[in-house]
Enquirer: 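My questions all concern the structure below.
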Amino acid sequence: MRTAANVLVVLVAALHLYFLVLEMFLWQRRPGRELSGFDADLARTTAPLAANQGLYNGFLAAGLVWGLIAGGSTATGFGAQVFFLSCVVVAGVFGAATANRRILFAQAVPGALALGAVLLAR
């Protein structure tokens, strides 16, 4: 179960690294505009906000990588994984409630699955 949990944590971390790149560097280009549905003017106007979101997603990914490096079976690694996956789930639920329902499935569900696996592996 530990291997499955680690794989899920890696996938969630990779997903948040993708969000970082998309929101910080590709927001005004085709991938970012397709995701947001914004025209060029609105994408340019909202780019600083998107970059800020991207930075936070990077922190989530960094925390998950830290938890993996520390090891899920250690108190530090387990605690880091539980904390950052909980943050992912809360952010995903909040985003789904306030911005777009798709965020629930893109962020909260993968985070919840990984969190469940980490807790079961303990």
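This one's a predicted model, so the numbers in the text were calculated from it and none came from an experiment.
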Enquirer: Who passes side-chain hydrogen bond (donor to acceptor under 3.5 Å, both in side chains) against Arg2, sequence neighbours left out?
Expert: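 side-chain hydrogen bond (donor to acceptor under 3.5 Å, both in side chains) list for Arg2, sorted by chain: empty.
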Enquirer: Answer yes if Val21 and Leu17 sit in the same cluster of Ile, Leu, Val, Met, Phe, Trp and Tyr residues linked by side chain heavy atoms under 4.5 Å apart, and no otherwise.
Expert: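 Different clusters: Val21 never reaches Leu17 through Ile, Leu, Val, Met, Phe, Trp or Tyr contacts under 4.5 Å.
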Enquirer: Indicate the atoms forming the closest heavy-atom contact of Val65 with Ala13, along with that distance.
Expert: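 So the two residues come closest at CG2-CB, 4.3 Å.
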Enquirer: List the atom of Gly63, the atom of Ala80, and the distance in Å for their closest heavy-atom pair.
Expert: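 Between these two residues, the closest heavy atoms are O-CB, 4.3 Å.
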Enquirer: Please enumerate all residues that pass side-chain hydrogen bond (donor to acceptor under 3.5 Å, both in side chains) together with Gln107, with sequence neighbours excluded.
Expert: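 Expected list: His16.
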Enquirer: Give me the atom names and distance for the closest heavy-atom approach of Gln28 to Ala47.
Expert: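 Scanning both residues, the minimum pair turns out to be NE2-CB, 3.5 Å.
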Enquirer: Establish whether Val10 and Leu60 are linked, either directly or via other cluster members, by ILVMFWY side-chain heavy-atom contacts under 4.5 Å.
Expert: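 As far as the 4.5 Å side-chain criterion goes, Leu60 and Val10 are connected within one cluster.
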Enquirer: Just how far is it from atom CG of Leu15 to atom CG of Leu20, taken to the nearest 0.5 Å?
Expert: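 Reported value, rounded in 0.5 Å steps: 11.5 Å.
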Enquirer: Rounded to the nearest 0.5 Å, how far apart are CG of Leu64 and CG of Leu11?
Expert: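 It is 11.0 Å, given to the nearest 0.5 Å.
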Enquirer: Crowded around Tyr18 OH? As in, over 12 foreign heavy atoms under 6.0 Å?
Expert: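 At most 12 heavy atoms, drawn from other residues, nucleotides or ligands, come within 6.0 Å of this atom.
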Enquirer: Val118 versus Leu85: any side-chain heavy-atom pair under 4.5 Å?
Expert: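 Of all side-chain heavy-atom pairs linking Leu85 with Val118, at least one is under 4.5 Å.
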Enquirer: Is Leu119 close to Phe78 at the side-chain level, that is, under 4.5 Å between some pair of heavy atoms?
Expert: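 Sidechains of Leu119 and Phe78: in contact.
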Enquirer: Taking all heavy atoms of Thr74 and all of Gly71, pick out the closest pair and write down the distance.
Expert: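 Scanning both residues completely, I find the closest heavy atoms to be OG1-O, 2.7 Å.
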Enquirer: Is Phe83 linked to Val88 within one hydrophobic cluster, defined over Ile, Leu, Val, Met, Phe, Trp and Tyr using a side-chain heavy-atom separation of less than 4.5 Å?
Expert: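 Yes: a chain of side-chain contacts under 4.5 Å links Phe83 to Val88.
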Enquirer: Taking the side chain from Thr46 and the backbone from Leu49, do they hold a donor-acceptor pair closer than 3.5 Å?
Expert: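 No.
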Enquirer: Which of these, Leu8, Thr76, Leu68, Val12, sits in a side chain to side chain contact (heavy atoms under 4.5 Å, CB included) with Gln81?
Expert: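 Among Leu8, Thr76, Leu68, Val12, the one that satisfies the side chain to side chain contact (heavy atoms under 4.5 Å, CB included) with Gln81 is Leu68.
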Enquirer: Which pair of heavy atoms, one from Ala112 and one from Val89, lies closest together, and at what distance?
Expert: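 So the two residues come closest at N-CG2, 3.4 Å.
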Enquirer: In terms of hydrophobic clustering (I, L, V, M, F, W, Y; side-chain heavy atoms under 4.5 Å; direct or indirect links), are Leu113 and Phe105 co-clustered?
Expert: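 Yes, Leu113 connects to Phe105 through the hydrophobic network.
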Enquirer: Let me confirm one number: the SG-CG distance from Cys87 to Leu115, rounded to the nearest 0.5 Å.
Expert: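 With rounding to 0.5 Å, SG (Cys87) is 10.5 Å from CG (Leu115).
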Enquirer: Which value, rounded to the nearest 0.5 Å, describes the distance between Phe19 atom CZ and Leu35 atom CG?
Expert: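 Taking CZ in Phe19 and CG in Leu35, the distance rounds to 8.0 Å.
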Enquirer: Does the side chain of Asn52 reach to within under 4.5 Å of the side chain of Pro48, using non-hydrogen atoms?
Expert: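 In short, these two side chains do not touch, never coming nearer than 4.5 Å.
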Enquirer: Looking at every non-hydrogen atom in both residues, tell me the closest pair between Ala117 and Met1 and how far apart they are.
Expert: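 Closest heavy-atom pair between Ala117 and Met1: CA-CE, 3.9 Å.
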Enquirer: The criterion is salt bridge (charged side-chain N to carboxylate O under 4.0 Å, His left out); which residues satisfy it with Arg122, sequence neighbours excluded?
Expert: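 None.
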Enquirer: As a quick check of understanding, evaluate side-chain hydrogen bond (donor to acceptor under 3.5 Å, both in side chains) for Ser36 and Trp27, giving each step before the final call.
Expert: CA-CA 8 Å; Ser36 67; Trp27 190 252; 5.2 Å; no
Enquirer: If you group Ile, Leu, Val, Met, Phe, Trp and Tyr by side-chain heavy-atom gaps below 4.5 Å, do Val9 and Trp66 land in one group?
Expert: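 Same hydrophobic cluster.
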Enquirer: If I take atom CG from residue Asn57 and atom CD from residue Glu23, how far apart are they, to the nearest 0.5 angstrom?
Expert: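 Rounded to the nearest 0.5 Å, the CG-CD separation comes out at 5.0 Å.
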